[in-house]
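Model, not experiment: these values are computed from the prediction.
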Amino acid sequence: MATDNGLSPLQLDVMRAVWALGEARVAEVRAQLDSRELAATTVATLLSRLEKRELLTHRTEGRQYVYRALKSEQEISETMVSELTTTLFDGEASQLVSHLLRKSEFAPEDLAEIKRLIEKRESEES
């Protein structure tokens, strides 16, 4: 289920397809989502709704719309993580991190990168 600014898993997949392609027609997005076996009309509806939310825009090429993203993947990720933190963890980022550390498996190199990022953040705040 999507929140006001968040995206459903299907909407996120559509956005990822557009980000990957740069610009995309309905058929191209549908091809990127081939494992979902969506009708072209469903993909067109998803693209139209994302455009109404000002996440996409389009230009007309012949009789087809060519869509491109107005928001980057990073912008969407930041919004969704912020909403998740607020909604599930009462705005406590430490609770989110604690949950991830307890419930997720990390490769040693991932843990090392997390430590490096924490150290970098600490040094920036000093």
Side-chain angles (χ1 to χ4, degrees):
M1 173 179 226
T3 59
D4 287 343
N5 295 312
L7 300 175
S8 71
L10 180 55
Q11 290 172 324
L12 189 55
D13 285 347
V14 169
M15 288 298 296
R16 284 184 176 136
V18 174
W19 288 320
L21 295 165
E23 287 191 331
R25 293 163 188 75
V26 171
E28 294 166 331
V29 172
R30 185 172 179 234
Q32 288 279 314
L33 304 171
D34 65 343
S35 65
R36 289 188 175 260
E37 299 180 13
L38 299 170
T41 53
T42 301
V43 174
T45 298
L46 286 161
L47 289 163
S48 175
R49 288 181 180 166
L50 290 166
E51 185 173 25
K52 285 179 184 161
R53 292 178 61 185
E54 298 181 354
L55 300 175
L56 297 175
T57 189
H58 78 270
R59 63 182 170 81
T60 305
E61 192 171 274
R63 293 179 40 195
Q64 296 184 332
Y65 285 174
V66 181
Y67 291 90
R68 70 175 172 80
L70 291 175
K71 301 279 183 177
S72 70
E73 188 168 6
Q74 179 162 344
E75 289 173 301
I76 297 297
S77 294
E78 288 172 0
T79 298
M80 292 179 73
V81 170
S82 178
E83 288 179 359
L84 176 74
T85 303
T86 300
T87 303
L88 294 180
F89 300 102
D90 293 325
E92 298 287 333
S94 62
Q95 294 298 317
L96 171 62
V97 172
S98 175
H99 175 81
L100 290 171
L101 289 171
R102 283 192 325 266
K103 301 294 183 181
S104 302
E105 291 189 28
F106 291 95
E109 58 271 13
D110 290 335
L111 285 173
E113 177 64 9
I114 291 167
K115 287 177 187 176
R116 187 192 69 73
L117 291 169
I118 291 170
E119 289 168 358
K120 180 180 179 203
R121 178 68 184 259
E122 287 175 337
S123 70
E124 289 172 354
E125 291 184 5
S126 309

Minimum-distance pair of heavy atoms, taken over all atoms of [X] and [Y]:
X	Y	value
Val29	Ala24	CG2-CB, 3.6 Å
Ser123	Lys120	OG-O, 2.8 Å
Leu7	Gln11	CA-OE1, 3.5 Å
Ala69	Val18	N-CG1, 3.7 Å

State plainly whether one hydrophobic cluster holds both [X] and [Y], where clusters connect Ile, Leu, Val, Met, Phe, Trp and Tyr through side-chain heavy atoms under 4.5 angstrom apart.
X	Y	value
Ile114	Val97	yes
Leu38	Leu50	yes
Leu70	Val14	no
Leu55	Leu21	no
Leu56	Val66	no

Any sub-3.5 Å donor-acceptor pair from [X]'s side-chain atoms to [Y]'s backbone N or O?
X	Y	value
Ser98	Ser94	no
Glu92	Phe89	no
Ser82	Glu78	no
Ser48	Ala44	no

Rounded at 0.5 Å granularity, tell me how far [atom1] in [X] sits from [atom2] in [Y].
X	Y	atom1	atom2	answer
Leu111	Glu105	CG	CD	11.0 Å
Gln74	Thr79	CD	OG1	10.5 Å
Leu47	Thr57	CG	OG1	12.0 Å
Lys71	Ser77	NZ	OG	13.0 Å

Looking at [X], I'd like to know if its [atom1] atom is crowded, meaning that more than 12 non-hydrogen atoms belonging to other residues, nucleotides or ligands lie closer than 6.0 Å.
X	atom1	result
Glu109	CD	yes
Glu124	CD	yes
Arg36	CZ	yes

Problem - SB check Arg116 Glu113 (cutoff 4.0 Å) - result: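 Between Glu113 and Arg116 there is a salt bridge, with a charged N closer than 4.0 Å to a carboxylate O.
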Exercise for the section: May I ask you to say whether Arg121 pairs ionically with Glu125, meaning some side-chain N is under 4.0 Å from a carboxylate O? Expected result: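 Yes, this pair counts.
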Practice task
Could you walk me through whether Arg16 and Glu73 pass side chain to side chain contact (heavy atoms under 4.5 Å, CB included), step by step?
Solution key: CA-CA 8 Å; Arg16 284 184 176 136; Glu73 188 168 6; 3.8 Å; yes
Practice task
Just do the side chain to side chain contact (heavy atoms under 4.5 Å, CB included) check on Val81 and Leu96 with the steps written out, would you?
Solution key: CA-CA 9 Å; Val81 170; Leu96 171 62; 4.1 Å; yes
Problem - Test item: side-chain donor near acceptor, Glu28 and Gln32, under 3.5 Å - result: no
Practice task
Name the orientation class of the two ring planes belonging to His58 and Tyr65 (parallel below 30°, tilted from 30 to 60°, perpendicular beyond 60°).
Solution key: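 Parallel.
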